[in-house]
2 protein chains.
Amino acid sequence: MSAADPSVKLSAPRKTKGALPAARPDQIMDIAARQFRARGYAAVSLRDIATEAGMRTPSLYYHFPSKDDLVIAVMNRGIAVVREAVTEALAALPPDAEPFAKLETAMRVHLRALHGLSDYTSANVRIFGQLPEELRRANLPERRAYQEIWADLLSATCPDNLEMLAIRVPFVIGALNATLEWFDPDRGDLDVLADQVGRVLLAGLKEREDR
Amino acid sequence: MSAADPSVKLSAPRKTKGALPAARPDQIMDIAARQFRARGYAAVSLRDIATEAGMRTPSLYYHFPSKDDLVIAVMNRGIAVVREAVTEALAALPPDAEPFAKLETAMRVHLRALHGLSDYTSANVRIFGQLPEELRRANLPERRAYQEIWADLLSATCPDNLEMLAIRVPFVIGALNATLEWFDPDRGDLDVLADQVGRVLLAGLKEREDR
DNA sequence: GTCTATAAGTTGATAGAC
DNA sequence: GTCTATCAACTTATAGAC
């Protein structure tokens, strides 16, 4: 559980060439993310990861000081990836976009991150609940930062009602994340999913008591 | 992975006394469900379960032929418990209850099963995604039977649209299940949760294109 | 950077006494 | 029904050669 940050290069910096050969730590993290996503945290051993990376278990320790450090790196990148994607998409909207248009965009991007863009985000969602307290805690700062984006977006749906907002933020994120457990992008259309899910949630969030 | 069914008593049948001393297999399953729910599937060893039951690991094998069998028994009971609770609650409604009133009742009962009634149901939801394919498959019949209840309830919200129904069923169940990851019944009011979540989902499901 | 060798601990499971 | 003794397999991790 050291503070080692694998994104800080230990040796030579990456060539300015392009993204052709992924840096070794990145390659290892890619493999780890995919396996964690598919089989859960405890079920994936360092041996499994090393084998797919074409190396022996102890070689991993050259790149990551422990399994915990590797997991934490994967988990944090998982949130960072969605957060950046959502932030960029929101920034690309016209400045006068309506609150519900922003919300719909955020939902679409979040679903795409979950089902297509990144094994890191889906791995994060899948295994967060399986981690020992200590590792979960290490991911909380990233998670809180991401939730703040949604708190901003959702505050328009329940102005001046913090209690309602405190429920709506995790509820909406949770409902989107849950699609990971039943939707298969190889067998269904992601856009159809986003349309359907977006419709129910947006309509539900738009509803006012007075009507 | 034998077909042994622990509910079939191996020795003397339970005394007609009452539910005072839980049958040993039930006690073991109670402990297993609570631990699986809290720490995940792979992280809970038979030793952990045996210790809490006040026995040694090999003694468990008198009651369950393997860890897989124990897990399957817990998983199946987890769905059976909610299904019975929801079925009973629906049967208690007046026969002419409106579709959305039925839906609201089902949501309330499902949330209560998840957060209060049963460690089995919450354990099921938490660890299903962590199980190896084989064990997941063993739980599918129960799951499908439960989903049928929801398909019935939700078909009223999108008549003659099976594609929409096929998305709404897992979406609604998934959104409710996801509350397990963020709502703590010790720190929040379960009725408030049901009110808020029910309001958003019901309003969203009620929404028609024409409006 | 990657390897072999190895340590130290855990796991699910079986045999057989009581 | 529960125990002790034991097993083979696996885990994370370290030491040190190349």
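Below, read A as the first sequence line, B as the second, and so on, with proteins coming before strands; counting in each chain starts at 1. Since the model is a prediction, treat every value here as computed from it, not as a measurement.
- At the heavy-atom level, A:Ser45 lies under 4.0 Å from the strands shown only through sugar-phosphate atoms.
- The phosphate of C:dC3 (OP1 or OP2) has a side-chain N or O of A:Ser59 nearer than 4.0 angstrom.
- Note: CG (A:Leu70) to P (D:dT12) measures 10 Å, nearest angstrom.
- What separates NE2 of B:His63 from P of C:dA13 is a distance of 16 Å, to the nearest Å.
- Look at B:Asp48 and B:Arg39 and you find a salt bridge, because one of the NZ, NE, NH1 or NH2 atoms lies within 4.0 Å of a carboxylate O, short of that distance.
- At the phosphate of C:dT2, OP1 or OP2 sits under 4.0 Å from a side-chain N or O atom of A:Arg24.
- A straight line from CZ of B:Arg56 to C1' of D:dT4 spans 9 Å, rounded to a whole angstrom.
- Within the 4.5 Å cutoff, the side chain of A:Ile127 has heavy atoms near those of the A:Met75 side chain.
- Rounding to whole angstrom units, OH of residue B:Tyr61 and P of C:dA17 are separated by 21 Å.
- Rounding to whole angstrom units, CD of residue B:Gln27 and P of D:dG1 are separated by 12 Å.
- Rounded to whole angstrom, the span from the CG atom of B:Leu60 across to the C1' atom of D:dT4 amounts to 15 Å.
- Atom-to-atom, NZ of B:Lys67 to C1' of C:dT14 comes out at 18 Å; the value is rounded to the nearest Å.
- Comparing A:Pro58 and A:Asp48 by the nucleotide of DNA chain D whose heavy atom lies nearest to each, the residue mapping closer to the 5' end is A:Asp48.
- Annotation: cation-pi geometry satisfied between A:Arg143 and A:Phe128 (NZ/CZ under 6.0 angstrom from ring centroid, within 45° of ring axis).
- The existence of a salt bridge linking B:Glu148 and B:Arg144 is excluded, since no basic side-chain nitrogen approaches an acidic carboxylate oxygen closer than 4.0 Å.
- The side chain of A:Tyr62 places no N or O atom within less than 4.0 Å of a non-bridging phosphate oxygen (OP1 or OP2) of C:dT2.
- Residue A:Arg47 places no side-chain N or O under 4.0 Å from the OP1 or OP2 atom of D:dC10.
- Proximity of a side-chain donor or acceptor of B:Arg83 to a complementary backbone N or O of B:Tyr146 within less than 3.5 Å is not detected.
- For the pair A:Ile49 CD1 and D:dC10 C1', the interatomic distance rounds to 15 Å; values are reported in whole Å.
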